[in-house]
Amino acid sequence: MSLVYHQELLEYEEYYLVNSDSLVLICTFLRLCIVALQCSKVGPQASINKRSFMKNLVIVESPAKAKTIESYLGKDFIVKSSYGHVRDLVSGNKAIDVDNAFQPTYEVTEDKKKVVAELKKLAKNAEMVWLATDEDREGEAISWHLMEALKLTDDKIKRIVFSEITKPAILKAIENPRKVDYNLVNAQQARRVLDRLVGFELSPVLWKKVKPSLSAGRVQSVTVRILVEREREILGFTSTSSYRVVAEFTTDGKKFKAQLGKRFDSQKEAEVFLKKCQTANFSIDKLEKKPAKKSPAAPFTTSTLQQEAGRKLGYPVGVTMSIAQKLYESGKITYMRTDSVNLSDTALEAAEREIRSSYGDKFSKRKSYSTKSKGAQEAHEAIRPTDMSLHSVKGDSSQTKLYDLIWKRTLASQMSDAEFERTNVGISLDNTDERFTAKGEIITFEGFLKVYLEGTDEDGEVEDELTKDSLPALTKGQILDYAEINATERFTQHPARYTEASLVKKLEELGIGRPSTYAPTISTIQKRGYAHKDERDGTKREYGKLTLVKDHLETEKLSEITGREKGKLQPTDIGMVVNDFLVEHFENVLDFGFTASVEKEFDDIANGLKEWNKMINEFYSPFHKDVEDTLENSERASGERILGNHPENGKVILVRIGRYGPMAQIGDAEDEEKKFASLLKDQSIGTITIEQALDLFKLPRQLGQFEDKVVTAAIGRFGPYIRHDGKFVSIKEVDGDDPFTITLERGVELVKEKREADAKKMIKTFAEDENVSVQEGRWGPYIKFGKQNVKIPKDIEARDLTWDEVKALTEEAAKNPTKKRGKKK
DNA sequence: CAGTGAGCGAGCTTCCGCTTGACTT
């Protein structure tokens with residue numbers, strides 16, 4: 001933390017040196033102190049309590065921000081953090097009084113009680129409380145909730161805002177205080193109330209009509225819909241193939257490639273064309289050179305940082321955010337949850353200085369970017385290094401890499417365009433109208449490409465396989481000889497499944513969700529079982545290739561692996577069934593434009609054009625009617641699909657969603673002897689075959705006896721396993737085992753391996769009770785007391801624990817149960 | 001939470017956005 005402080009000071013000093021306005025600044029600062037003094041004199045208690053005289057409490061949302069700002073403001077100000085929202089709607093179903101103008105009931109959230117108590121104490125002793133929460137809807141509401149929770153009156157507070165954490169910005173903010181904007185607060189209340197109503201009325205419908213514990217909401221349900229619709233596109237996609245012709249020409253001993261404008265639907269047609277090539281004369285009939293430019297990408301927002309870190313470093317969005325959080329906390333970068341592409345003046349100056357000194361004046365070009373995304377509220381700066389002269393951070397390699405990305409992106413955004421010379425070459429044949437084209441590209445000025453180029457998402461087939469390097473010297477009218485001409489069969493590709501990052505991009509385009517929720521939303525839909533990361537090996541596919549070399553035509557059949565995929569988001573059966581149900585009954589809320597349209601109304605509320613509870617009422621009345629109507633009239637949604645009849649007894653075989661997820665069933669609902677089996681993780685209701693479904697009923701399999709006890713193989717909640725004498729051993733597919741074919745010998749081998757591994761973990765056992773032991777776990781040694789696991793304090797040596805100590809620790813742990821997420825049965 | 005899947009009825013689940021640590025077997 002001392003590092004941060006130091007760095008901020010440096011920045012500050014630098015600012016003094018280069019900025020001619022520094023005198024003005026100092027004056028401003030002095031004037032401020034006087035203002036603060038005068039302010040405090042007005043307060044009724046000012047003269048009574050000398051100790052609290054002059055004291056100003058500033059409250060911001062983030063503690064790291066508080067530290068920085070405190071260093072700007074001097075000793076008359078103390079700056080504290082609220083750690084985000086301090087109050088929220090009470091939990092449960094009674095937070096909103098729908099019969100009384102949607103009156104909300106709030107409470108200080110459990111984890112904020114300490115924070116609120118401390119702020120309350122400080123506020124009491126302060127002359128003035130400066131509410132410096134973010135300059136957006138949520139920030140305004142946080143200020144209001146702080147007033148309520150700390151019992152602050154209007155004359156005791158000043159509301160200040162700034163969208164960058166730089167000294168001039170903070171001082172300017174202090175000079176321009178205002179009151180809390182209740183219209184904006186009401187817009188936030190409307191947002192909050194709407195989300196609670198939607199979530200807490202839709203979810204119970206799903207519990208009744210689909211499966212318990214499911215959830216629905218304005219953001220998550222549309223997110224799942226995006227995935228489901230893409231999956232349907234993929235399922236409905238049929239791939240077609242065509243032959244693409246590429247010729248390699250030589251001139252002056254140099255080679256270059258050109259592609260035919262036309263593709264052929266069959267091998268036959270391709271062959272006919274290549275035969276024409278054998279006798280054709282090739283000549284250049286078009287030669288065009290054009291200058292071209294490429295501009296750098298805007299500085300990072302949360303969304304673009306997540307995308308680039310995904311593309312270039314392979315990080316899931318949650319990982320990116322936690323690395324960024326660490327960089328932010330150590331003062332290396334600005335705030336990482338932002339939708340703004342704006343850079344502060346001090347940052348622009350620093351970037352320019354850095355570019356001029358490292359690359360030269362002609363690489364510098366100041367640019368300001370404006371946001372393209374819909375719901376942007378721009379309460380912060382773009383994500384950038386706090387110190388542009390720091391080219392790299394030491395230590396943790398993931399932090400080094402992410403910082404590197406941020407540094408380069410920021411710098412590049414203020415650099416000149418890259419310049420190219422593009423060449424387009426047309427090549428004609430004298431015995432057909434078909435033509436080849438070649439493209440060349442030479443960089444004439446590197447510009448921003450010197451440091452950074454934004455990545456791209458591979459989306460479908462790469463259309464243009466030609467290298468865009470330089471072409472050899474060519475002239476119009478020149479006659480060419482080919483070295484080789486290929487016609488290769490290429491297949492059209494289904495649209496790509498979403499990655500975490502490309503999904504975030506889509507959400508941002510639709511204005512759904514906020515920088516602080518992109519990563520949590522993606523983890524929510526996976527936790528709820530609506531989507532998962534896929535892993536498909538791909539399948540072998542044959543393709544044809546024709547090669548013409550020196551008048552000799554050859555035909556080959558080659559093979560390639562297609563459809564290999566890892567880590568893409570794919571909707572599950574439950575995700576699809578829930579989505580179809582919601583889309584059918586709640587089209588309005590599931591509409592991709594729903595958020596955008598309510599945002600418009602929130603804006604009206606913020607501008608004082610509409611009352612918030614009126615707006616909510618207009619939404620809620622018809623919505624609630626739909627909910628009741630659906631509860632009463634809709635069928636249960638199970639996604640049932642009938643696969644056919646049993647080959648031996650003729651009973652119906654179907655797949656559907658059951659209480660515990662996707663399952664197969666033999667026999668209909670009336671059948672007294674119907675049987676059930678869960679689908680495997682990689683199977684789905686939509687694609688499973690009758691043979692695969694029948695296989696499921698072969699488990700559990702009895703393999704035989706070992707030590708007079710039965711050994712069985714089956715598949716459970718955590719995957720395939722061997723069971724023996726009440727103990728379970730996982731069967732790992734990577735070892736080439738599976739429960740359908742595994743033998744008794746191999747099963748016994750796994751049981752023995754497991755015993756050995758368990759013995760290794762055992763540190764100590766006790767004669768008093770054989771169910772109690774001290775074992776080595778993932779996070780170090782722990783006590784296993786029956787089914788209870790107990791942590792061992794760091795200062796105690798696990799090996800030396802006595803029976804009495806173990807009992808004492810266990811009893812203490814039982815007294816203070818840690819809040820567990822899991823519920824008891 | 002590693003054998004479930006009917007139906008009953010208890011009591012429970014659930015939203016989005018703003019922030020960090022505490023905690024995990």
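Letters A, B, ... mirror the listed sequences (proteins, then strands); counts begin at 1.
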Discussion item. Between the base of B:dT4 and the side chain of A:Tyr660, is one N or O donor paired with an acceptor at under 3.5 angstrom?
Written reply: yes
Let me know the distance between [atom1] of [X] and [atom2] of [N], rounded to the nearest Å.
X        : N      : atom1 : atom2 : result
A:Lys674 : B:dT4  : NZ    : C1'   : 13 Å
A:Tyr721 : B:dC1  : OH    : C1'   : 13 Å
A:His724 : B:dG3  : NE2   : C1'   : 18 Å
A:Leu696 : B:dT4  : CG    : P     : 13 Å
A:Leu206 : B:dC15 : CG    : P     : 11 Å
A:Leu699 : B:dG5  : CG    : P     : 18 Å
A:Ile653 : B:dG5  : CD1   : C1'   : 17 Å
A:Gln665 : B:dA6  : CD    : C1'   : 11 Å

Fill in: Cation-pi, A:Phe740 ring and A:Lys698 (6.0 angstrom, 45 degrees)
no
Worksheet item: Within 45 degrees of the axis of the six-membered ring of A:Tyr530 and under 6.0 Å from its centre: does A:Arg528 put its NZ or CZ there?
Response: no
Item to complete: Starting from the C-alpha separation in whole Å, work towards a yes-or-no answer on side-chain hydrogen bond (donor to acceptor under 3.5 Å, both in side chains) for A:Gln692 and A:Asp695.
Response: CA-CA 5 Å; A:Gln692 291 168 333; A:Asp695 273 347; over 6 Å; no
What is the nucleic acid contact for [X], judged by heavy atoms within less than 4.0 Å: base, sugar-phosphate only, or nothing?
X        : answer
A:Asp111 : nothing
A:Gly84  : base
A:Gln220 : sugar-phosphate
A:Gly139 : nothing
A:Pro204 : base
A:Arg528 : sugar-phosphate
A:Val219 : sugar-phosphate
A:Gly661 : base
A:Ala714 : nothing
A:Ser678 : base

Can you tell which of [options] lies closest to the side chain of [X]?
X        : options                : value
A:Tyr335 : B:dG5, B:dT20, B:dT13  : B:dT20
A:Ser516 : B:dG17, B:dC15, B:dT20 : B:dG17
A:Glu138 : B:dT20, B:dT14, B:dG17 : B:dG17
A:Phe676 : B:dT20, B:dG5, B:dG17  : B:dG5
A:Asp134 : B:dT14, B:dT19, B:dT13 : B:dT19

Please tell me if [X] has a side-chain N or O lying less than 4.0 Å from either OP1 or OP2 of [N].
X        : N      : answer
A:Thr517 : B:dG17 : yes
A:Ser203 : B:dC15 : no
A:Tyr518 : B:dG17 : no
A:Ser62  : B:dT20 : yes
A:Arg723 : B:dA2  : no

Worksheet item: Between A:Gln220 and A:Thr524, is a side-chain hydrogen bond (donor to acceptor under 3.5 Å, both in side chains) present by the stated rule, with each step listed?
Response: CA-CA 8 Å; A:Gln220 59 168 283; A:Thr524 298; 5.9 Å; no
Fill in: Closest approach of A:Ser81 to A:Leu119 (non-hydrogen atoms, all atoms of both residues)
O-CD1, 4.1 Å
Response to the item:
Scanning both residues in full, the closest heavy-atom pair of A:Ile226 with A:Leu510 reads CD1-CD1, 3.8 Å
Could you check if a side-chain atom of [X] sits within less than 4.5 angstrom of a side-chain atom of [Y], using non-hydrogen atoms only?
X        : Y        : value
A:Val589 : A:Asp626 : no
A:Ile69  : A:Phe162 : yes
A:Leu194 : A:Phe102 : no
A:Phe594 : A:Val222 : no

Discussion item. Determine whether a donor-acceptor pair (N or O, by modelled atom type, separation under 3.5 Å) exists between the side chain of A:Arg225 and the backbone of A:Leu590.
Written reply: yes
Item to complete: Applying salt bridge (Lys or Arg N to Asp or Glu O under 4.0 Å) between A:Glu599 and each of A:Arg191, A:Arg218, A:Arg514, A:Arg137, report the one that passes.
Response: A:Arg137
Fill in: Separation of the C1' atoms in B:dC12 and B:dC1, to the nearest angstrom
15 Å
Practice prompt. Using the P atom as the reference point in each nucleotide, state the distance between B:dA22 and B:dA2 in Å, no decimals.
Written response: 32 Å
Discussion item. Taking 5.5 Å and 30° as the limits, would you call A:Tyr83 and the base of B:dC18 a stacked pair?
Written reply: no
Fill in: Near-parallel close stack of A:Phe728 and B:dA2 base (under 5.5 Å, under 30°)
yes
Discussion item. Which residue in the set A:Arg159, A:Glu140, A:Glu138 passes side-chain hydrogen bond (donor to acceptor under 3.5 Å, both in side chains) when paired with A:Thr133?
Written reply: A:Arg159
Worksheet item: When the nearest nucleotide of DNA chain B is assigned to A:Met663 and to A:Leu197 on a heavy-atom basis, which residue is associated with the more 5' position?
Response: A:Met663
Discussion item. Heavy-atom nearest nucleotide on DNA chain B for A:Lys65 versus A:Leu202: which residue maps closer to 5'?
Written reply: A:Leu202
Worksheet entry | Within residues 188-196 of chain A, residues whose heavy atoms come under 4.0 Å of DNA chain B | A:Arg191, A:Arg192, A:Asp195, A:Arg196
Under 3.5 Å, which protein N or O atoms sit close to an N or O of nucleotides 8-10 of chain B? Give each pair with its distance.
none

